[in-house]
Amino acid sequence: NKLFKKEMLEQFSFPEGVMNEDVPTVLAILLVTKKISYTRDTYYNYVQHENSQQNSHLSAKRFDIFKALDELKKRINFEEFHQDYWDMIVYQQLIMFLIYVPPKEENFMVRYRFLKEFYRFSKSYQLRRNHYLWNFLERQGVYHKLYYKVFLKLHCTGFQFLANCMISFYHFYRSHVTHLVIKQNI
């Protein structure tokens, strides 16, 4: 869904062998380009495969996002730009991933090991200081806001086992309590 001038792709090539290889390339180009055009026309269809790396379960390859963000930081001096750009990228690439992807994993120990490793990689990003996270939380309902705040506090302070228990509790609550409330109201 994007076309780039050849010179831009020569300046910001796609790193090979990593997942999320588009992050350091596409975002770098979007940040430095002087002109962006848009069309509503469709020129190709994008197919997502269920078994692709991007749609796979939690695997070590998922941590390539940190390599991609490190590469983006090497390519772009975010001090020249407003810090807001970096905060938005971290929000979209890391925080939304942490909130929505690990909870899909049903195996407690797989999820726990993944959260521990994610924490190790994400410590330097200071996720809880990201103002986009707090804007997101303000738009949530009371229970989701509470869940996300507790989950993120546990995760960002290194309590991965408890953060993982929060996910399990959330699964239990959604499958048992929520359905009972809906049935009683009908």
Requested in this report: Start with the C-alpha gap between Q92 and F97, add the side-chain angles, then the distance that decides, and say whether side chain to side chain contact (heavy atoms under 4.5 Å, CB included) holds.
Outcome: CA-CA 7 Å; Q92 287 292 332; F97 177 86; over 6 Å; no

Query raised in the report: Are L72 and M96 linked, directly or through other ILVMFWY residues, by side chains that come within less than 4.5 angstrom of each other?
Result: yes

Query raised in the report: Are Y100 and V23 in one and the same hydrophobic cluster, where Ile, Leu, Val, Met, Phe, Trp and Tyr link if side-chain heavy atoms are under 4.5 Å apart?
Result: yes

Might you point out which heavy atoms bring [X] and [Y] nearest each other, and give the distance in Å?
{"X": "S168", "Y": "R111", "result": "OG-NH2, 2.6 Å"}
{"X": "I167", "Y": "F151", "result": "CD1-CE1, 3.6 Å"}
{"X": "N130", "Y": "D87", "result": "ND2-O, 2.8 Å"}
{"X": "V18", "Y": "K61", "result": "CA-NZ, 3.9 Å"}
{"X": "L133", "Y": "L127", "result": "CD2-O, 3.6 Å"}
{"X": "P103", "Y": "H171", "result": "O-NE2, 2.7 Å"}

Requested in this report: Answer yes or no: is there a donor N or O on one side and an acceptor on the other, between the side chain of R120 and the main chain of K116, under 3.5 Å?
Outcome: no

Query raised in the report: Looking only at atom types and distance, does a side-chain atom of Q160 sit under 3.5 Å from a main-chain N or O of R113, one as donor and one as acceptor?
Result: no

Check whether any side-chain heavy atom of [X] sits under 4.5 Å from a side-chain heavy atom of [Y], and report yes or no.
{"X": "V150", "Y": "K153", "answer": "no"}
{"X": "S122", "Y": "H155", "answer": "yes"}
{"X": "L27", "Y": "Y85", "answer": "no"}
{"X": "E7", "Y": "Q11", "answer": "no"}
{"X": "S13", "Y": "T25", "answer": "no"}
{"X": "R62", "Y": "V101", "answer": "yes"}
{"X": "F118", "Y": "L98", "answer": "yes"}
{"X": "L94", "Y": "I89", "answer": "no"}

Query raised in the report: For residues N107 and Y112, is any side-chain donor paired with an opposing acceptor at under 3.5 Å?
Result: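 No, because no side-chain N or O of N107 sits under 3.5 Å from a partner of the opposite role on Y112.
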
Answer yes or no: does atom [atom1] of [X] have more than 12 heavy-atom neighbours from other residues, nucleotides or ligands under 6.0 Å?
{"X": "R129", "atom1": "CZ", "result": "no"}
{"X": "E106", "atom1": "CD", "result": "no"}
{"X": "Y143", "atom1": "OH", "result": "no"}

**Report entry** Passing option when E117 is tested against Y119, F121, F114 for side chain to side chain contact (heavy atoms under 4.5 Å, CB included)
**Finding:**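 So the option named by the test is F121.
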
Report task. Indicate, with yes or no, if the rings of F12 and F4 have centres closer together than 6.0 Å. Result ->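 Here the rings of F4 and F12 have centres that are no less than 6.0 Å from each other.
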
**Report entry** Output field: ring centroids F136/Y148 closer than 6.0 Å
**Finding:**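 Under 6.0 Å, so yes.
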
To the nearest 0.5 angstrom, please state how far the [atom1] atom of [X] sits from the [atom2] atom of [Y].
{"X": "K145", "Y": "L137", "atom1": "NZ", "atom2": "CG", "value": "7.5 Å"}
{"X": "I99", "Y": "Y147", "atom1": "CD1", "atom2": "OH", "value": "8.5 Å"}
{"X": "T157", "Y": "L162", "atom1": "OG1", "atom2": "CG", "value": "8.5 Å"}
{"X": "T33", "Y": "M8", "atom1": "OG1", "atom2": "CE", "value": "4.5 Å"}
{"X": "Y91", "Y": "M88", "atom1": "OH", "atom2": "CE", "value": "7.5 Å"}
{"X": "L152", "Y": "M166", "atom1": "CG", "atom2": "CE", "value": "9.5 Å"}

Query raised in the report: Under 30°, 30 to 60°, or over 60°: which ring-plane class applies to Y170 and H144, parallel, tilted or perpendicular?
Result: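 Judged by the thresholds at 30° and 60°, the geometry between Y170 and H144 is perpendicular.
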
Query raised in the report: According to the interplanar angle, ranging from 0 to 90°, do the rings of F108 and F161 count as parallel (below 30°), tilted (30 to 60°) or perpendicular (above 60°)?
Result: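 Aromatic pair F108/F161 classed perpendicular.
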
Query - CA sep, side-chain torsions, deciding dist, call: K6, L9, side chain to side chain contact (heavy atoms under 4.5 Å, CB included) - result: CA-CA 5 Å; K6 181 180 175 185; L9 290 173; 5.9 Å; no

Query raised in the report: Can F66 and Y125 be said to form a ring pair (Phe, Tyr, Trp, His ring centres under 6.0 Å), step by step?
Result: CA-CA 10 Å; F66 293 100; Y125 290 87; 5.7 Å; yes

Query raised in the report: Can we say D70 and K73 salt-bridge, meaning some charged N sits less than 4.0 Å from an Asp/Glu carboxylate O?
Result: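 A salt bridge is absent here (no side-chain N lies under 4.0 Å from a carboxylate O).
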
Query raised in the report: So, E71 and R75, do they make that salt bridge, N to O below 4.0 Å?
Result: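 Salt bridge: yes.
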
Report task. Just do the side chain to side chain contact (heavy atoms under 4.5 Å, CB included) check on W86 and I76 with the steps written out, would you? Result -> CA-CA 10 Å; W86 181 248; I76 299 294; over 6 Å; no

